[in-house]
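The next block holds one structure in the form of structure tokens; read it before the comments.
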Number of protein chains: 2
Amino acid sequence: MRDVARLAGVGIKTVSRVINGEPNVSVATAERVRRAAADLLYEPDLHAGNLRRADGRSRTLGLLVSSVANPFAAQVHRAIERVANAYGYAVLAASLEDDPAAELRAVTALSRRRVDGFIVTPVRDDQSYLRVHVDRGTPLVCVDRTPKGIETDCVVTGNIDGARDAVRHLVSYGHRRIAFLGDLERIETARLRREGYLTELAAAGIEVDPALIVLGLHDDATATAVVRTLIALPDPPTAIFSSQNLITIGTIRALQQLGHEHDIALVGFDDLETGDLMKPAITTVAQDPDRIGRLAAERLFAHLDGDPGPARQVVVPTRLVVRGSGEIPGPA
Amino acid sequence: MRDVARLAGVGIKTVSRVINGEPNVSVATAERVRRAAADLLYEPDLHAGNLRRADGRSRTLGLLVSSVANPFAAQVHRAIERVANAYGYAVLAASLEDDPAAELRAVTALSRRRVDGFIVTPVRDDQSYLRVHVDRGTPLVCVDRTPKGIETDCVVTGNIDGARDAVRHLVSYGHRRIAFLGDLERIETARLRREGYLTELAAAGIEVDPALIVLGLHDDATATAVVRTLIALPDPPTAIFSSQNLITIGTIRALQQLGHEHDIALVGFDDLETGDLMKPAITTVAQDPDRIGRLAAERLFAHLDGDPGPARQVVVPTRLVVRGSGEIPGPA
DNA sequence: CTTGCGCCCGACAACGTTGTCAGGTCATTG
DNA sequence: CAATGACCTGACAACGTTGTCGGGCGCAAG
């Protein structure tokens, strides 16, 4: 900026005024400054400005997700980015890989970079440590999982209702022996989907068979193995509700290997882009990551605009995508 | 920092020394400072430090990709993030959606935030405008596509060889009428894959039939429509090489709709996670986004470490994933 | 002609931090 | 006992920018 001022023959404050579009600069001077800035390929230093600027906004927000490579998280990310860009914001994203220590590390790293707000997928048992940041004026919105130990805005999928929809759908096709394949119990969404499964079974007056409930799955290979043992049971399930994407994939693989894909019904939580290309095509409970991300970002900017309203939890409903595997009838 | 200094009863410079682990602070003083910092939940301002710090590093790097929601880009992103984290770096990512204007906007936005380096998927016809940044000491590495108008490190998939592998594979199963379904011609990878297709046909002594080459596809629906017309041809293809993920999906859909999935061979460029669950399972040419991202990040940090070596292009080979659809034999 | 006001413009301090430098304390050495 | 040097410590300037303030100029009104 110094150099631009010198080249244009004005004071640095005048350059600042031109760059920031402040009034009270003559047209001729402004033009000279703009030319000088262009000649020198000058780019203002946003962070140096923040240091002194009244609002002190870095126009950058921090996003903590399970992994930027996870398709669900990546779509949430994209939706957030879209809103952020409209506000002139950039997004610093960090992958936590479900590691509680990584959550702390990432918050520290982003905090030191002075992000204006956090969008966090909670991993730890307790997010109360984030209150400091909120109190200091860095708003926080949680996505996908609810925070513990702090009241804040939160945007989540309707996990319970989605799971109930899946189970109700299977029940409506005559199934009563419906297996549940769940992710690690320490993951909130896994617990909620299990809860939805149990609730709907109860609502349908179906007794729970513990042998049909397998928890703690986290990858497709394990899911495949589990499904094989389930089917080998003396009284095997006639339908399966797999509560996560990779588990669904592992389940399909097992069913195909055993040649049971056409006589055991399957509904998966989380949509598969290629679900319609399999035989049978896979019925799923689709989440809406785009909407989740957009709503979370909008809540965050509402805080940044100073008009937060009360902290509230927004539940984004799922959508049952009927394709075939979920409509295989149960025993007559 | 001021407050920490006051609370610990020392000068701010001493706090700075403790925070940065500089020597020449007595153990007792250091401990007092650390306690004070902890009590006040002090977080140093990285950007304020950079302003004065000798190296002036923001410990943040900028990543420009087609879209953070694109599975390939997301995996590249994750791999870069892994390397970046090991160096204490954070990643600012921006989605370009193949919009040349967005490329400029994103570079400006990241430059103003003083990222220490750029990893860019080029979209524009010319990246010479980035030379300014390189000259000013902000290194640049390109990924997935080669830059134009500037010599710089670049990490790309072996598009030509991958396409040749696909075609050679089909030829080896007796096919001579192999259709090519290409993405928009303005996308470099699309052009290279077409080139590979043509080269391998020539090498096999097969005459090119222009009727079997369809370019400019960018989504699955269009691909589906195109495949339907190809199959309706008087002399239809016996095999299809679809050169991009969505196109492959659209192709499978068309083949299934027409009941030709078992008699027309198919190889797709870019792997499908669920490729083995379809009937037939889909043979693909898999890219290695993890390796691409890792290598790109390593090249960038080599520059930041001051040991760049000459600008070079790294080509990451593809891998043929044989699953079934590509092994359907051609006419005897 | 003087006064007052509005418009331009630049000097200066300040933002939170680090580099420089000088000063002060204490033990060791001649 | 004086001199030396190693070790600690803080005052101050500086990084690139913006907020504050006051000065100069031109013009309209009294």
Side-chain angles (χ1 to χ4, degrees), chain A residues 1-34 36-37 40-60 88 108-116 136-138, chain B residues 1-34 36-37 40-60 88 108-116 136-138:
Chain A
M1 196 158 109
R2 238 182 176 61
D3 306 324
V4 177
R6 197 155 32 221
L7 180 58
V10 300
I12 62 171
K13 178 63 210 193
T14 299
V15 177
S16 170
R17 269 188 273 257
V18 174
I19 297 290
N20 293 74
E22 290 174 32
N24 297 336
V25 180
S26 76
V27 197
T29 311
E31 190 48 36
R32 268 211 327 282
V33 170
R34 261 188 291 269
L40 297 176
L41 297 163
Y42 167 75
E43 288 280 7
D45 183 326
L46 191 56
H47 295 123
N50 290 347
L51 217 49
R52 192 65 170 87
R53 207 188 306 273
D55 63 4
R57 294 278 174 85
S58 63
R59 296 189 160 272
T60 304
T108 300
L110 298 183
S111 166
R112 293 185 175 195
R113 287 174 177 80
R114 295 294 187 264
V115 295
D116 294 341
R136 286 186 183 157
T138 309
Chain B
M1 196 157 107
R2 237 182 178 62
D3 306 325
V4 177
R6 197 157 30 223
L7 181 57
V10 300
I12 62 170
K13 178 62 210 191
T14 299
V15 177
S16 170
R17 270 188 272 257
V18 175
I19 297 290
N20 294 74
E22 289 173 34
N24 297 336
V25 181
S26 75
V27 196
T29 311
E31 190 47 38
R32 267 211 328 282
V33 170
R34 262 189 289 270
L40 297 176
L41 297 163
Y42 167 75
E43 288 281 7
D45 183 325
L46 190 57
H47 296 122
N50 289 347
L51 217 50
R52 190 67 169 88
R53 204 187 309 271
D55 64 3
R57 294 278 175 86
S58 63
R59 296 189 162 271
T60 304
T108 301
L110 298 184
S111 166
R112 294 187 173 193
R113 286 173 178 81
R114 294 297 186 263
V115 294
D116 293 341
R136 286 187 184 155
T138 310

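Chain identifiers are assigned alphabetically (A, B, ...) following the order of the sequence lines, protein sequences preceding nucleic acid strands; residue numbering begins at 1 within each chain. For the numbers below, each heavy atom of this structure counts, side chains included, while hydrogens, waters and symmetry mates do not.
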Without decimals, in angstroms, what is the distance between [X] [atom1] and [N] [atom2]?
| X | N | atom1 | atom2 | answer |
| --- | --- | --- | --- | --- |
| Asp55(B) | dT18(C) | CG | C1' | 11 Å |
| Leu46(A) | dG16(C) | CG | P | 16 Å |
| Asn20(B) | dT9(D) | CG | P | 16 Å |
| Arg112(B) | dT17(D) | CZ | P | 11 Å |
| His47(B) | dT18(C) | NE2 | C1' | 16 Å |
| Arg59(A) | dT17(D) | CZ | C1' | 15 Å |
| Lys13(B) | dC7(D) | NZ | C1' | 16 Å |

From the set [options], return the single nucleotide nearest to any side-chain atom of [X].
| X | options | result |
| --- | --- | --- |
| Arg17(B) | dG19(C), dG10(D), dT17(D) | dG10(D) |
| Val25(A) | dT18(D), dT20(C), dC9(C) | dC9(C) |
| Val10(B) | dA11(C), dT17(D), dG10(D) | dG10(D) |
| Ala48(B) | dT17(D), dC8(D), dT17(C) | dT17(C) |
| Asp45(A) | dC9(C), dG16(D), dT17(C) | dG16(D) |
| Tyr42(A) | dT17(D), dC9(C), dA11(C) | dT17(D) |
| Leu51(A) | dT18(C), dG16(C), dC9(C) | dG16(C) |

Exercise for the section: Between Gly11(B) and Arg114(B), name the one whose nearest nucleotide on DNA chain D is closer to the 5' end. Expected result: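 Its nucleotide being nearer the 5' end, the pick is Gly11(B).
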Problem - Closest-nucleotide 5' rank along DNA chain D - winner of Ala30(B) and Arg53(B) - result: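 The answer here is Ala30(B).
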Handout entry: Whether Arg17(A) side chain and Glu22(A) backbone form a donor-acceptor pair below 3.5 Å
Key =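 Answer holds: no.
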Practice task
Report yes or no: does Arg112(A) contribute a side-chain atom to a donor-acceptor pair with the main-chain N or O of Pro44(B) at less than 3.5 Å?
Solution key: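 Judged by distance alone, no pair lies under 3.5 Å.
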Handout entry: Modelled atom types, side-chain donor and acceptor of Arg113(B) and Thr60(B), under 3.5 Å
Key =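 Looking only at side-chain atoms, Thr60(B) and Arg113(B) do not form any donor-acceptor pair under 3.5 Å.
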Describe the nucleic acid contact of [X] in one word from base, sugar-phosphate, nothing, applying a heavy-atom distance below 4.0 Å.
| X | answer |
| --- | --- |
| Ala5(A) | nothing |
| Pro23(B) | nothing |
| Ile12(B) | base |

Look at [X] and [N] and indicate whether a side-chain polar atom (N or O) is within less than 4.0 Å of OP1 or OP2.
| X | N | result |
| --- | --- | --- |
| Ser26(B) | dT9(D) | yes |
| Asn50(A) | dT18(D) | no |
| Arg52(B) | dG19(C) | no |
| Thr14(A) | dC8(C) | no |
| Asn24(B) | dA6(D) | no |
| Ser16(B) | dT18(C) | yes |

Handout entry: Rounded distance [0.5 Å steps], NE2 in His47(B) versus CG in Leu51(A)
Key =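 Taking NE2 in His47(B) and CG in Leu51(A), the distance rounds to 10.5 Å.
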Exercise for the section: Report the residue from Asn20(A), Val18(A), Ile19(A), Ile12(A) that forms a side-chain contact (heavy atoms from CB on, under 4.5 Å) with Ser16(A). Expected result: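 For Ser16(A), the side-chain contact (heavy atoms from CB on, under 4.5 Å) check succeeds only for Asn20(A).
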Exercise for the section: Evaluate whether atom CZ of Arg2(B) has more than 12 neighbouring non-hydrogen atoms of other residues, nucleotides or ligands under 6.0 angstrom away. Expected result: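 Counting neighbours around CZ of Arg2(B), 12 or fewer heavy atoms of other residues, nucleotides or ligands fall under 6.0 Å, so no.
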